[in-house]
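Input: a single structure, listed below in structure tokens.
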Amino acid sequence: MIGGAVCVRCGCDEIDYLEFNHINGGGSAEWRSNREDLGTYLGAADMILAGKRKTDDLNVMCRVCNALDYLSRKNPSGINRFTVRWENLTGEKVMKL
């Protein structure tokens, strides 16, 4: 529904590490809204499967890249201090952010 099961940033395909990324942010606000409106927590995956959520503002990222994406929105100038190393997955020693 939203593409292949790989991180769009680093290519990680370990399903246990993958999660939905809200491209423009707002995942926490969506979670709070769903909880208030429905009386229970429904995440993006639950809403998609129920046919109650579009996927045009979502992509798939591994937990590490998703966290870095969040941090880059909170502090754009600070993201340059991070280096991700996925040598076993990509064959490259350092991934540029």
Step by step, would you call Leu68 with Arg9 a side chain to side chain contact (heavy atoms under 4.5 Å, CB included)?
-> CA-CA 10 Å; Leu68 289 170; Arg9 186 174 277 174; 3.9 Å; yes

Could you state the interatomic distance from [atom1] ([X]) to [atom2] ([Y]), rounded to the nearest 0.5 Å?
X     : Y     : atom1 : atom2 : answer
Arg63 : Asp16 : CZ    : CG    : 10.5 Å
Asp13 : Leu18 : CG    : CG    : 7.5 Å
Ile23 : Asp57 : CD1   : CG    : 6.5 Å
Asn59 : Asp69 : CG    : CG    : 7.5 Å
Cys10 : Met61 : SG    : CE    : 9.0 Å

Between Leu58 and His22, is any pair of side-chain heavy atoms under 4.5 Å apart?
-> yes

